[in-house]
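Would you mind keeping the following structure in view while I ask a few things?
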Amino acid sequence: MDINARIYVAGHRGLVGSALVRRLEAEGANNLILRTHQELELTNQNEVEQFFHAEKPEYVFLAAAQVGGIHANSTYPARFIHDNLAIQTNVIHNAWKQGTKKLLFLGSSCIYPRDCPQPIKEEYLMTGPLEPTNESYAIAKIAGLKMCQAYRKQYGFETICAMPTNLYGPGDNFDPENSHVVPGLIRRFHEAKLENAPEVVIWGSGEPLRELLHVDDLADALLLLMRHYDDEAIVNVGTGREVSISRLASLIAETTDYQGNMHFDTSRPDGTQRKLLDTPWLSARNWTAKIDLPFGLAETYRSFCNDFRLPAGR
Ligand code: GFB
């Protein structure tokens, strides 16, 4: 991929898309094609068709998706399956039709069976039942990766399917209910500190393990894949390191300088117990994530305070 090629980042205002734009611009990209949600409704077939016909991007990063944490996934399953199927179907089909050279599709570690052996190998896909709290999202993402593989097989369209682990970083959605665990807890601890609240509620038992990847590390891996990966097989992207939700909560308490207690609300779901990814392709290239969790959390907390113009923790 020539850095000055016509590169379209779908979803450039989101967590992943904004990290991709930061990274591409840092490398000197000067031909990025970007559209906000207001400018282009990706669930609308006609709008997407016209956009690709007019712009003819050479490379596409498909980072646009309807995403959310465990609560949003289980509360809005219709929105998650509809919007994701529509977005990815429109973008993949029109990219192929208008001669895009390469498209990178983003999936998620939740595509794998709920109870599969750890670390999770790519070949475990579709070998067992999914985690029920995010089944709609996972089914949409499985459909997306199968569509990419089908277009490669039938039309020779160069598609890459990257499956990242749980992500976090600046520019995340910090909604108290609908966000993922890191932004959700950053917000809750921050507010508890400002209000001098005696305790913070953590959803679930605190026992599940999660592998957390900083989105700038993900962007680094995605560029490597776009430049050097050429196979139909899906590719995992992770850090190889796990943290329990209770340990993560303690780290976020330290980051936000919250001195009170934690209460685990077991009426809220735990979701999958573990989902650690095996990453053979990246490991073979000596790729590792560079941003450690305490540093990444501190940076994410700073971005939360800046974005919302809040007084900082320390
Ligand atoms: O990040 P998260 O929402 O998604 O939740 P998943 C991770 C874990 O954190 C669960 C616990 O065990 C939650 O019970 N948790 C504790 C919290 N406190 C909170 C909180 O305040 N907010 C949230 N959100 N969780 C996602 C899928 O599953 O994984 C997505 O929902 C996506 O579709 C992503 O695939 C990779 O890790 O459980």
Side-chain angles (χ1 to χ4, degrees), residues 14-16 63 65-77 79-81 83-84 105-116 118 120 125 130-145 162-169 172-192 197 199-215 218 234 236-239 242-253 256 258 262-277 293 297 300 304:
L15 177 66
V16 175
Q66 182 67 250
V67 298
I70 193 164
H71 175 77
N73 266 272
S74 45
T75 311
Y76 311 110
R79 192 197 297 166
F80 275 77
I81 198 160
D83 288 5
N84 287 310
F105 172 72
L106 274 143
S108 160
S109 59
C110 71
I111 58 158
Y112 293 110
R114 177 192 162 90
D115 296 316
C116 59
Q118 308 283 321
I120 304 172
L125 181 69
L130 296 164
E131 157 62 33
T133 53
N134 54 37
E135 195 178 71
S136 275
Y137 180 75
I139 290 282
K141 288 294 179 182
I142 293 170
L145 75 88
M163 301 300 134
T165 187
N166 284 51
L167 303 170
Y168 75 102
D172 210 338
N173 167 19
F174 291 88
D175 185 89
E177 282 292 305
N178 294 324
S179 61
H180 287 101
V181 60
V182 170
L185 289 183
I186 284 181
R187 181 171 182 154
R188 198 152 330 123
F189 276 101
H190 177 80
E191 290 177 352
E199 67 174 29
V200 167
V201 173
I202 319 291
W203 299 353
S205 65
E207 288 166 11
L209 298 172
R210 290 293 182 271
E211 183 187 12
L212 292 165
L213 176 67
H214 191 286
V215 74
L218 174 70
I234 63 177
N236 288 342
V237 186
T239 62
E242 291 175 291
V243 62
S244 69
I245 297 301
S246 59
R247 173 76 188 129
L248 174 67
S250 300
L251 286 171
I252 294 176
T256 55
Y258 174 74
M262 296 191 282
H263 169 75
F264 290 89
D265 177 1
T266 50
S267 70
R268 308 288 300 234
D270 269 348
T272 311
Q273 283 304 310
R274 281 184 86 182
K275 41 181 172 180
L276 178 66
L277 294 179
L293 191 54
L297 290 175
T300 306
F304 166 73

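Atoms within each ligand, like the ligands themselves, are counted from 1 in listed order. These numbers were taken from a predicted model, which means no experiment stands behind them.
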For ligand 1, what is the set of protein residues having any non-hydrogen atom at a distance below 4.0 Å?
->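 These residues qualify: G68, G69, I70, N73, S108, C110, N134, Y137, N166, S179, H180, V181, L185, R188, I202, W203, P208, R210, I245, P269, D270, K275.
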Gap between atom CG of L185 and atom CE of M262 - 0.5 Å precision = 9.5 Å
Could I get the full list of salt bridge (Lys or Arg N to Asp or Glu O under 4.0 Å) partners for E191, not counting sequence neighbours?
->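 With sequence neighbours excluded, E191 shows a salt bridge (Lys or Arg N to Asp or Glu O under 4.0 Å) to R187, given in chain and number order.
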Which distance, rounded to the nearest 0.5 Å, do you find between the CG of L125 and the CD1 of I120?
->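 Answer for the CG-CD1 pair, L125 versus I120, is 11.0 Å.
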Taking only residues two or more places apart in sequence or in another chain, which ones pass salt bridge (Lys or Arg N to Asp or Glu O under 4.0 Å) with E135?
-> none
Only counting residues at least two apart or in another chain, list the ones meeting side-chain hydrogen bond (donor to acceptor under 3.5 Å, both in side chains) with T165.
->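 T165 satisfies side-chain hydrogen bond (donor to acceptor under 3.5 Å, both in side chains) with E211 once adjacent residues are dropped.
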May I ask you to check whether N236 and Y112 show a side-chain donor-acceptor distance below 3.5 Å?
-> yes
